[in-house]
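Numbers restart at 1 for each chain; the letters A, B, ... are given by sequence-line order, proteins then strands.
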Amino acid sequence: MPENFLFDPADVAPRLLAWYGLEGRDLPWRGCRDPYRIWLSEIMLQQTTVAAVIPYYEKFLLACPDVAALAASSPEEVIALWAGLGYYSRARNLHAAARRIVAEGGGAFPDDLPGLMALPGVGRSTAGAILAIAYDKKGVILDGNVRRVLCRLFALEGDPRSAAAEGKLWGWAEALTPEDRPHDYAQAIMDLGATLCAPKRPDCPRCPLIDLCRGRQLGLEMVLPAARAKRSVPEICQVALLLERDGCFLVRRRPFSGLLGGLWEFPCREVAKGTEPAAAASALLAELGGKGGLRELGRTRHAYSHFRVEVLFYRGSAGEAAAVAETAGELWANERELAEIPLHGAHKKGVPHLARERWNCHDAPSIKAKE
DNA sequence: AAGCCGGGGTA
DNA sequence: TACCCAGGCTT
């Protein structure tokens with residue numbers, strides 16, 4: 001047994017593999033070794049739950065069944081397939097990587113660690129996962145599931161994201177990964193973290209590693225890994241304008257870089273604290289050449305990881321058709337088309353207000369526009 | 001090393 | 001409500 005281990009690391013994989021054979025999950029991307037599909041699933045699953053990914057995965061594969069089809073798609077098509085899944089740089093990187101694979105590798109998928117990590121959007125952990133799951137090579141994974149399992153198994157106290165902790169965790173992950181059946185092991189340890197060794201209330205009595213687990217022995221399974229420091233979550237207020245012209249509404253595409261890159265939204269503006277939202281909406285209407293009054297359709301809240309926004313939706317009229325120029329990133333869409341356009345979540349929530357308004361428009365307060 | 005980047009499930 | 005997730009990229 002290695003000196004710094006309290007148990008033989010070779011004991012772990014056989015137990016996990018036996019457990020996985022009985023309790024492993026059946027997921028859409030399992031049972032295949034197509035590197036493209038494994039890669040797609042791994043990218044979609046970054047910072048995202050399995051249940052959220054499954055419908056996107058199925059839809060994406062119908063549109064882009066292989067790397068050549070993905071490479072041949074446009075950035076707009078790819079972002080539309082990703083709309084609602086979040087972290088849109090993943091979609092951009094996926095697309096860029098597919099084009100690189102086709103252009104430089106003749107369509108051959110990388111099958112070693114450096115080749116995989118060279119792909120945009122593929123880091124050390126994802127490369128290890130693809131190596132193991134697609135090629136059954138010894139690929140080491142340190143994702144959220146594995147990190148939690150290892151923090152408990154080795155009773156790692158303190159911030160698991162610190163550089164020192166990361167070093168230890170990668171070392172342990174490497175030591176536990178077997179040469180034999182890495183494909184099954186990768187999915188087994190992730191399944192353990194996703195089911196029994198869950199963030200809250202780990203089900204230790206059913207765990208195949210219970211007699212090895214230092215965290216359990218010390219009674220720390222409920223408090224490990226150490227919670228992240230709480231961060232303040234700013235609250236932002238925003239007005240969004242549903243500007244109508246002939247039954248259509250103006251939407252714009254956001255720049256491809258940055259927050260919600262490539263997604264569409266209604267014209268909008270942040271409302272400074274202590275100022276009147278209706279005034280901000282009126283100013284926005286005036287800038288766009290709109291005419292007449294504004295009517296508040298409703299308001300919604302939307303939470304991001306690092307801030308929250310309350311969106312107040314207003315409806316206004318564009319007046320003269322020529323008042324608003326059409327450019328590449330703008331279009332006028334009717335209600336049916338709005339349902340198809342990849343709006344980001346916060347503004348997508350505003351579309352139902354239009355349909356609702358038809359039924360009880362008299363309930364909505366009317367606000368006079370500034371002259 | 002720290003900050004940025006979404007959305008939904010879950011307790 | 002608060003936390004977390006099959007992380008990687010940028011600065």
Trainee: Check the orientation of Phe266(A) and Phe313(A). Use parallel for under 30°, tilted for 30 to 60°, and perpendicular for over 60°.
Mentor: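 Aromatic pair Phe266(A)/Phe313(A) classed perpendicular.
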Trainee: Show the nearest heavy-atom pair for residues Leu285(A) and Ser317(A), with the distance to one decimal.
Mentor: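 That closest heavy-atom pairing would be CD1-O, 3.9 Å.
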Trainee: Shortest non-hydrogen contact from Arg214(A) to Ala155(A)?
Mentor: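 Where Arg214(A) meets Ala155(A) most closely, the heavy atoms are CG-CB, 3.5 Å.
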Trainee: Please list residues of residues 16-32 of chain A whose heavy atoms come under 4.0 Å from any atom in DNA chain C, ordered by number; otherwise none.
Mentor: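 Output list: Arg25(A), Leu27(A), Trp29(A), Arg30(A).
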Trainee: Please report, to 0.1 Å, the donor-acceptor pairs under 3.5 Å made by any side chain of residues 271-280 of chain A, with sequence neighbours excluded.
Mentor:
residue, atom, partner, partner atom, Å
Lys273(A), NZ, Glu235(A), O, 3.3
Thr275(A), OG1, Ala272(A), O, 2.6

Trainee: Could you check how far OH of Tyr304(A) sits from C1' of dG3(B), rounded to whole Å?
Mentor: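 Going from OH in Tyr304(A) over to C1' in dG3(B) covers 18 Å.
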Trainee: If I take atom NZ in residue Lys348(A) and atom P in nucleotide dG6(B), what distance separates them, rounded to the nearest angstrom?
Mentor: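 After rounding, the reported distance stands at 16 Å.
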Trainee: What residue among Phe109(A), Phe60(A), Tyr57(A) forms ring-ring contact (aromatic ring centres under 6.0 Å, His included) with Trp39(A)?
Mentor: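 Among Phe109(A), Phe60(A), Tyr57(A), the one meeting ring-ring contact (aromatic ring centres under 6.0 Å, His included) with Trp39(A) is Phe109(A).
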Trainee: Which residues end up grouped with Leu218(A) if you chain together Ile, Leu, Val, Met, Phe, Trp and Tyr wherever their side-chain heavy atoms are less than 4.5 Å apart?
Mentor: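 Under the 4.5 Å side-chain rule, Leu218(A) groups with Leu220(A), Val223(A), Leu224(A).
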Trainee: Under 4.0 Å from any atom of DNA chain C, heavy atoms only: list the residues of residues 128-145 of chain A that qualify, in numerical order.
Mentor: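 Contacts with DNA chain C under 4.0 Å: Asp143(A), Gly144(A), Asn145(A).
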Trainee: Does the side-chain contact (heavy atoms from CB on, under 4.5 Å) test come out yes or no for Trp29(A) and Leu40(A), once each step is laid out?
Mentor: CA-CA 9 Å; Trp29(A) 42 87; Leu40(A) 176 65; over 6 Å; no
Trainee: When rounded to the nearest Å, what value does the distance between P atoms of dA6(C) and dC4(B) take?
Mentor: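 Approximately 24 Å lies between the P atom of dA6(C) and that of dC4(B).
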Trainee: Please confirm whether the shortest side-chain N or O distance from His302(A) to OP1 or OP2 of dG6(B) is below 4.0 Å.
Mentor: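 So the side-chain polar atoms of His302(A) never come under 4.0 Å of the phosphate oxygens OP1 or OP2 of dG6(B).
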Trainee: Looking only at atom P, what distance separates dG8(B) and dC9(C), rounded to whole Å?
Mentor: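 After rounding to an integer number of Å, I get 24 Å for this pair.
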Trainee: Any residue in residues 80-105 of chain A with a heavy atom nearer than 4.0 angstrom to DNA chain B? Just list them by number, or reply none.
Mentor: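 The answer is Gly84(A), Leu85(A), Gly86(A), Tyr87(A), Tyr88(A).
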Trainee: Taking all heavy atoms of Arg206(A) and all of Leu196(A), pick out the closest pair and write down the distance.
Mentor: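 Between these two residues, the closest heavy atoms are O-CD1, 3.3 Å.
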Trainee: Which pair of heavy atoms, one from Ala240(A) and one from Val311(A), lies closest together, and at what distance?
Mentor: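 In this case the closest contact between Ala240(A) and Val311(A) is CB-CG1, 3.8 Å.
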Trainee: Counting only non-hydrogen atoms, which of residues 37-59 of chain A are less than 4.0 Å from DNA chain B?
Mentor: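 Gln47(A), Thr48(A), in order of number.
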Trainee: In whole angstrom, give the distance that lies between atom CZ of Arg301(A) and atom C1' of dG6(B).
Mentor: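 Distance check: Arg301(A) CZ to dG6(B) C1' gives 18 Å.
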Trainee: Would you confirm whether Arg30(A), through its side chain, and Arg25(A), through its main-chain N or O, come within 3.5 Å as a donor-acceptor pair?
Mentor: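 Judged by distance alone, yes, a pair lies under 3.5 Å.
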Trainee: Assign Ala186(A) to base, sugar-phosphate, or nothing according to its heavy-atom contacts below 4.0 angstrom with the strands shown.
Mentor: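 Contact class for Ala186(A): none.
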Trainee: Suppose we screen for side-chain contact (heavy atoms from CB on, under 4.5 Å). Which residues come up paired with Arg299(A), at least two apart in sequence or across chains?
Mentor: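 Testing Arg299(A) for side-chain contact (heavy atoms from CB on, under 4.5 Å), a comparison that skips the adjacent residues, returns Glu296(A), Glu310(A), Leu312(A).
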Trainee: Looking only at atom C1', what distance separates dC3(C) and dG6(B), rounded to whole Å?
Mentor: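 Approximately 15 Å lies between the C1' atom of dC3(C) and that of dG6(B).
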Trainee: So does Lys349(A) have more than 12 non-hydrogen atoms from other groups sitting under 6.0 Å from NZ?
Mentor: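 Yes, the 6.0 Å shell around NZ holds more than 12 heavy atoms from other groups.
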Trainee: Could you list the residues that satisfy side-chain contact (heavy atoms from CB on, under 4.5 Å) with Cys32(A), not counting sequence neighbours?
Mentor: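 Partners of Cys32(A) under the side-chain contact (heavy atoms from CB on, under 4.5 Å) test: Asp34(A), Arg37(A), Ile38(A).
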Trainee: Apply the hydrophobic cluster definition, ILVMFWY joined by side-chain contacts under 4.5 Å directly or through others, and give me every member besides Phe256(A).
Mentor: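 The other cluster members (ILVMFWY side chains, heavy atoms under 4.5 Å, direct or chained): none.
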Trainee: Should we count CZ of Arg252(A) as having more than 12 external heavy atoms under 6.0 Å?
Mentor: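 More than 12 within 6.0 Å, yes.
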Trainee: Can you tell me if Gln238(A) and His347(A) form a side-chain donor-acceptor pair at under 3.5 Å?
Mentor: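 A pair is found: one side chain offers a donor N or O, the other an acceptor, under 3.5 Å apart.
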Trainee: When you measure from every atom of DNA chain B, which of residues 193-202 of chain A have a heavy atom less than 4.0 Å away?
Mentor: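 Heavy-atom cutoff 4.0 Å gives no residues at all.
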Trainee: Using distance only, find each side-chain donor-acceptor pair of residues 116-127 of chain A under 3.5 Å and give its atom names and separation, not counting sequence neighbours.
Mentor:
residue, atom, partner, partner atom, Å
Ser125(A), OG, Leu142(A), N, 3.1
Ser125(A), OG, Leu142(A), O, 3.4
Thr126(A), OG1, Gln46(A), NE2, 3.0

Trainee: Look only at the side chain of Tyr56(A) and the backbone of Ala83(A), and say whether a donor-acceptor pair between them is shorter than 3.5 Å.
Mentor: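 Checking the backbone N and O of Ala83(A) against the side chain of Tyr56(A), a donor-acceptor pair under 3.5 Å is found.
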Trainee: Under 4.0 Å from a heavy atom of chain A: give me the 5'-most and 3'-most nucleotides of DNA chain C that qualify.
Mentor: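 The protein-touched segment is dC3(C) to dC9(C).
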